[in-house]
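In what follows, a structure is listed as structure tokens, so that the remarks can point back to it.
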Amino acid sequence: MNETIIKRLRSIVGYENVKTDYDEVERYSKDETSSVEPSLPSAVVFVTNAQQVSEVLKVANQHKIPVTPRGAGTGLSGGAIPTKGGIVLSLERMNHILELDLENMVVVVEPGVITDEIQKLAEEHGFFYAGDPASSESSSIGGNVAENAGGVKVLKYGPTAFHVLGLEVVLPTGEIVNFGGKMMKNVMGYDMIRLFIGSEGTLGIITKIILRLIPKPKYSAVLLTPFKDMETAISCVPKVLCESGILPTSIELMDRFSVEISSKFLNESIPQQDADCHLIFEIESLDRESLTRAYISLGEKLQQLGALEVYIADNRHQKMKIWKFRKAIAEGIIAFRPKHCMEDVSVPIKTIPKLIRSTYDIARKNHVEVLNFGHVGDGNVHVTFLKPETMSDELWKKAIHNCLIELYRVTADLNGTVSGEHGIGVKRKDYLDIFLTQVEIETMRKIKQALDPNNILNADKIFPDTSASVRQI
Amino acid sequence: MKILVLAKQVPDTDKVKIDPVTGTMIREGLDVVINPLDLHALELALCLKESHQALVTVLSMGPMSTETVLRDTLALGADRAILLTDSAFAGSDTWATSYTLSEAVKRLNIDYDLVICGEKATDGETGQVGVEFAILLNIPVITYVSKFISLHDDSIVVERTTEDAYERWKIKLPALISVLRSVSEPRLATLSGKKQALSRKVEIYSAKDLGLKADELGLSGSPTRVVKVYNTKLSRNCRIYMGKDLNQGVREVVKLLKNYKGSVQR
Ligand SMILES: Cc1cc2nc3c(=O)[nH]c(=O)nc-3n(C[C@H](O)[C@H](O)[C@H](O)COP(=O)(O)OP(=O)(O)OC[C@H]3O[C@@H](n4cnc5c(N)ncnc54)[C@H](O)[C@@H]3O)c2cc1C
């Protein structure tokens, strides 16, 4: 990128808000995705309003410079990695809560606000923002919208998309558009909000988000249940969902390996840590009495279905401790087993046992290690393959490719999806055609071409390389 | 072996808000829980119950809502839970609280070899009640116990943490210890524990039941008053070195460490 362009960018956002020194741009060359190589941008541009975004995109369009939007960089599919160099457009300084409108039960935010801040603000006012990815303390709300992030409350409250009522978006060509508003219902033409949600920064830059708040659930309890074997645990998930008459907020899985990693990461332990796996259930209620009835009924059901014990946390402190333990798994993996591949397949709930069973076979066959954790209640499992210490990097690369193809084929056979919440990004794009037909992929590509004619925005994300022939193992 | 655990109900929050006018805590709208630090005291008692067949009694003074909180201690494994509740107790300072608790122990003939309490309650943060209670019962106290070493026929050995040392004490029973978090890791209640606790009774006593006189209780029995509550501001000077300046930062740290004399000046 030449000096004149840098100068123009500086004239838009201010001199100090364009960084080009290696020291300052290096950390924008990667996100939290372990299996994707970092790639340096030529410049990182920090914007503070939609107008600036618009002008930067116009310059980029004029000179056909690749632009990679970036929130907090916690993504797990390489979406914020500037694989083509060019500009990283950082939204981290657009981090203001613009309006808390309690009478309409909405909060209006800029994309760089950290998710957890919104949760806390809502809670202070007796409300509840139900989006809750495990990365809530570090990810940005813009990133959550761009990935349609899920997390641990999807079973009852749905993914991020369920909480978004309106968006301001800067189109790749620089126009600023608004869809939706503070109302619950809106069928004015196409559902444009849904189109931008989960578009992984390929269709526009999200610069303002109107989020729905709901009344704060008053009482909740977390049930921690160890099981002697994985089979018993996972087969009880569909049964609990269909037969208990209770819709839990979450049903989460942690196998022994995940528990071990989280325990080491936090230097904390949970009861019956050596059990083959643990399930976590969270339920909510309007009053203490009905909560007690609900956890007794659910707990007894779990005992019938083979839980070794049912532990109950019904105060904030204990609940937080269990959630902290669950949420630390991904961080633990990143810290202790940096050579890994964290997957995100999602299947219909009835087929979860089949999916998980297959992961052990796949790992064994390819001589790698595997651990399973995640949102089993949603049928969404973070199957994570780990490089054994003795394996060479070259063998690992081959092995992981084979593991992925096998895992994805099993998932496709079960009518599942390659990603429940982490997105395609660069990490999974070359496997998309295991799940979608050429016509289906082309339909999406046409939308991309219509909105981004010069293909500047996150250009090589989501869509398979046309030249790639990944299926040749 | 009989263990008495002192427990308090506190609002379930990390952010204690103080009414700037009255200087008292704003408790409205907050759920109540057992003081998190008392859970460590209870856990230690329960471990001793398991290893030495001790009998564990939990004693609390507080509003009626404390009953639920005390029931939770039964769910965790306490054998007996006693609540002192009466409008006459309202507004007690640490003195009146210790007095009421100690009188209850005397008048109800609550038997104990060891009394365990948390270091302090997370709402008032005074850390006085345990000590005053022990003085009123004329038993020795060890505060800030960070590790329980051993239990013998008529004594215990514990380690306490002070600002600059660990101290190991052998102390004759009966005695009171106030404990830090590190002393134990509180357990979670099991479903069966919770179910059993539902049908068990928390014993409840009023001032009249205890035969206590109103002028010795609550606000009228409290010689101390909160005159003013204010927030202090702590600030640190922080220098950040990154990127090109990283080496400079490392040199600064090395220099600081070289000149560091330790926090304890002897
Ligand atoms: C420890 C850990 C736990 C996690 N747990 C979960 C979980 O439970 N559930 C879950 O769903 N995810 C989880 N994630 C993944 C990640 O946190 C989410 O995908 C999150 O939404 C990413 O937000 P971010 O701000 O970090 O986005 P980034 O990583 O910065 O960006 C992600 C994508 O969004 C695009 N983008 C970012 N901001 C904008 C914007 N304003 N406009 C347009 N495009 C934009 C980027 O170009 C990129 O393609 C976890 C990650 C980690 C490290």
Looking only at the aromatic ring of each residue, does the gap between the centers of Phe46(A) and Tyr28(A) stay below 6.0 angstrom?
yes
Between Ser269(A) and chain B, with a heavy-atom cut-off of 4.5 Å, which part of the residue counts as in contact: side chain, backbone, both or neither?
neither
Can you name the nearest heavy-atom pair linking Leu83(B) to Pro63(B), along with the distance?
CD2-O, 4.1 Å
Going by atom type alone, with no hydrogens or angles, which donor-acceptor pairs under 3.5 Å involve a side-chain atom of residues 52-62 of chain B and a protein atom two or more places apart or on another chain?
unit_1   : atom_1 : unit_2  : atom_2 : d
Ser60(B) : OG     : Ala7(B) : O      : 2.8

Segment of Leu302(A) engaging chain B (4.5 angstrom heavy-atom cut-off):
neither
Ignoring hydrogens and angles, tell me if any N or O in the side chain of Asp229(A) forms a donor-acceptor pair with the backbone of Thr232(A) under 3.5 Å.
yes
If you count heavy-atom pairs under 4.5 Å between each of Glu309(A), Glu268(A), Arg27(A) and chain B, which one has the most?
Glu309(A)
Which one of Glu185(B), Arg187(B), Met242(B), Lys195(B) has the most heavy-atom pairs closer than 4.5 Å to chain A?
Lys195(B)
The residue among Thr143(B), Val183(B), Leu44(B), Val115(B) that forms side chain to side chain contact (heavy atoms under 4.5 Å, CB included) with Ile177(B) is Leu44(B)
Hey, mind stepping through Ser146(B) and Ser182(B) against side-chain hydrogen bond (donor to acceptor under 3.5 Å, both in side chains) and telling me if it holds?
CA-CA 5 Å; Ser146(B) 47; Ser182(B) 62; 4.7 Å; no
Of Ile322(A), Leu223(A), Asp314(A), the largest count of non-hydrogen pairs under 4.5 angstrom with chain B goes to Asp314(A)
Region of Lys244(B) in contact with chain A, defined by heavy-atom distances below 4.5 Å
both
Is Leu198(B) close to chain A through its backbone or its side chain, or both, or neither, when contacts mean heavy atoms under 4.5 Å?
side chain
Would you sort out whether Gln272(A) and Tyr311(A) count as a side-chain hydrogen bond (donor to acceptor under 3.5 Å, both in side chains), showing the intermediate values?
CA-CA 10 Å; Gln272(A) 304 207 25; Tyr311(A) 296 97; 3.2 Å; yes
Using a heavy-atom distance cut-off of less than 4.5 Å, which residues of residues 13-26 of chain A contact chain B?
Asp21(A), Asp23(A)
Between CZ of Phe325(A) and NE2 of His278(A), what distance do you get to the nearest 0.5 Å?
8.0 Å
Under 3.5 Å, is there a donor-acceptor pair between the Ser250(A) and Glu252(A) side chains?
no
